[in-house]
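One structure is given below, represented as structure tokens, and several questions about it will come after.
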Number of protein chains: 2
Amino acid sequence: MYSAFMTTPERLIESTRELLWERGYVGTSPKAIQQRAGAGQGSMYHHFSGKPDLALTAIRRTAEELRAVAGSCLDSPGGAYDRVRAYLLREREVLRGCPIGRLTMDPDVMADPELRKPVDETLDWLRGRLAEVLAEGRERGEFTAGLAPEPIAATVVATVQGGYVLARAAGSAAPFDSAVEGLLTLLAAFKAPV
Amino acid sequence: MYSAFMTTPERLIESTRELLWERGYVGTSPKAIQQRAGAGQGSMYHHFSGKPDLALTAIRRTAEELRAVAGSCLDSPGGAYDRVRAYLLREREVLRGCPIGRLTMDPDVMADPELRKPVDETLDWLRGRLAEVLAEGRERGEFTAGLAPEPIAATVVATVQGGYVLARAAGSAAPFDSAVEGLLTLLAAFKAPV
DNA sequence: GTCTATAACACGATAGAC
DNA sequence: GTCTATCGTGTTATAGAC
């Protein structure tokens with residue numbers, strides 16, 4: 001239940017965002033959304049055409065939020081290694097998983113091009129942005145020439161996404177932290193000698 | 001639909017394994033299982049107590065299979081780096097994702113300790129086995145002393161699990177292959193000079 | 001804008017005939 | 001062992017009153 005100071009559509013969107021994160025698209029029913037939002041059925045169908053419409057709005061907002069947070073880590077001043085490190089070590093609710101990445105395992109999301117698009121674009125953007133930071137670092141001589149920006153960027157994003165999987169399986173954030181630690185020591189080997 | 005030479009329970013288990021892989025636990029209904037298995041409702045409830053029972057049987061079998069395949073890569077003769085490489089490069093249906101890892105995003109699987117156990121144990125075993133191989137390689141002088149087996153093992157498994165996420169989002173195996181390539185170049189930097 | 005009523009169907013399971 | 005019938009509930013809406 002949300003504050004009465006939020007409008008009904010706003011409460012519906014926020015409740016959908018939470019449920020998509022917790023239970024995915026397949027596991028989230030309109031009824032559950034309505035109950036969490038404290039809104040009736042008529043209300044939901046007045047503001048949105050149905051479950052897909054509401055989900056699309058929710059996913060887009062979550063995607064934008066993720067871009068903003070990741071972007072602020074990667075745009076920060078400082079060296080390339082430290083910016084990647086900041087992205088990897090940023091505060092996370094590890095056991096909840098990634099609200100965007102988890103949608104890739106949802107068959108109904110992947111089957112709908114509209115729902116799928118923001119998921120694809122967000123992870124693609126993230127990989128691209130990381131590759132830019134790494135390339136910049138290499139050109140500035142912070143990294144050795146052997147560092148290939150695109151594959152390493154994919155490895156960084158994959159480590160985070162897979163870290164969530166390991167953490168959720170274990171019921172503990174430890175494997176996530178361990179995977180990130182491992183990646184950072186590997187990456188540190190490519191720092192050019194000062 | 002399966003061969004008539006498979007027993008009914010066998011067809012039910014195999015059909016459940018496929019559906020859990022494709023749609024997850026929440027997205028898989030008893031009806032869908034029965035239809036794919038070519039079995040009636042009465043048949044399913046005669047051989048299994050219900051959806052959780054059938055799912056448990058299916059998950060255990062899939063977990064065992066994954067252990068066997070991963071184990072055969074990691075137990076192969078040869079150097080530690082090559083064995084990890086063999087695990088990373090083994091044939092995979094990348095776009096289908098990991099049949100075990102995907103279950104970590106399923107709320108009903110995570111909520112049931114019995115269903116969750118094989119998922120946890122499999123990924124935990126995999127991390128442990130990789131750590132053993134890496135530790136062995138370090139002791140034999142194949143890797144430099146700076147390589148920490150446990151964190152790197154977590155990074156390896158996370159890269160694979162996250163690689164699936166990236167591939168499914170992109171609708172292409174390319175990001176998976178890229179992430180693995182990146183990890184292998186990072187790992188190669190820790191090979192001791194010959 | 002929000003509410004209740006209703007619909008047609010799916011879910012997950014049980015009962016009992018065959 | 002397998003089948004159909006039935007059950008109570010949930011799903012995803014639409015209709016129409018307020």
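Every chain is numbered from 1 and lettered A, B, ... according to where its sequence line falls, protein lines coming before strand lines. Just so it is clear, the structure is predicted and the values come from calculations on it, not from any experiment.
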Worksheet entry | Side-chain N or O of B:Thr8 closer than 4.0 Å to phosphate OP1/OP2 of D:dT2 | yes
Worksheet item: Closest nucleotide of DNA chain D for A:Gly42 versus for A:Ala32: which of these residues is on the 5' side?
Response: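 Closer to the 5' end of DNA chain D: A:Ala32.
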Worksheet item: Over how many whole Å does the gap from A:Gln34 atom CD to D:dG10 atom P extend?
Response: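 A:Gln34 atom CD is separated from D:dG10 atom P by 13 Å.
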Item to complete: With the side chain of B:Lys31 defined as its heavy atoms from C-beta on, choose the nearest nucleotide among C:dC11, C:dA13, D:dG10.
Response: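 It is C:dC11.
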Worksheet item: Charged N to carboxylate O under 4.0 angstrom, A:Arg17 versus A:Glu65?
Response: yes
Worksheet item: Does A:Arg102 count as lying over the ring of A:Trp21, i.e. NZ or CZ under 6.0 Å from the six-ring centre, within 45 degrees of the axis?
Response: no
Discussion item. Looking at A:Arg140 and A:Glu136, is any side-chain nitrogen of the basic one under 4.0 Å from a carboxylate oxygen of the acidic one?
Written reply: yes
Worksheet item: Any donor and acceptor pair, going by atom type alone, linking the side chain of A:Thr28 with main-chain N or O of A:Arg23 inside 3.5 Å?
Response: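 Looks like no, no N/O pair under 3.5 Å.
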Worksheet item: Between atom CZ in A:Arg11 and atom P in C:dT2, what is the gap in whole Å?
Response: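 Result: 8 Å.
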Discussion item. What residues from residues 43-54 of chain A pass a heavy-atom cutoff of under 4.0 Å to DNA chain C?
Written reply: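 Nucleic-acid contacts, sorted: A:Ser43, A:His46, A:His47.
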Discussion item. Taking the nucleotide of DNA chain D with the nearest heavy atom to each, does B:Pro9 or B:Gln41 sit closer to the 5' end?
Written reply: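 Per heavy-atom nearest nucleotide, the more 5' residue is B:Pro9.
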Discussion item. It should be established whether A:Ser29 places a side-chain nitrogen or oxygen under 4.0 Å from OP1 or OP2 of nucleotide D:dG10.
Written reply: no
Practice prompt. Mind checking the CD-OG1 spacing from B:Gln161 to A:Thr159? Nearest 0.5 Å is all I need.
Written response: 12.0 Å
Worksheet item: What are the two closest non-hydrogen atoms of A:Leu147 and A:Arg138, and how far apart are they?
Response: O-NH1, 3.0 Å
Worksheet, complete the sentence: A:Glu10 CD to C:dG1 P, in whole Å, measures 15 Å
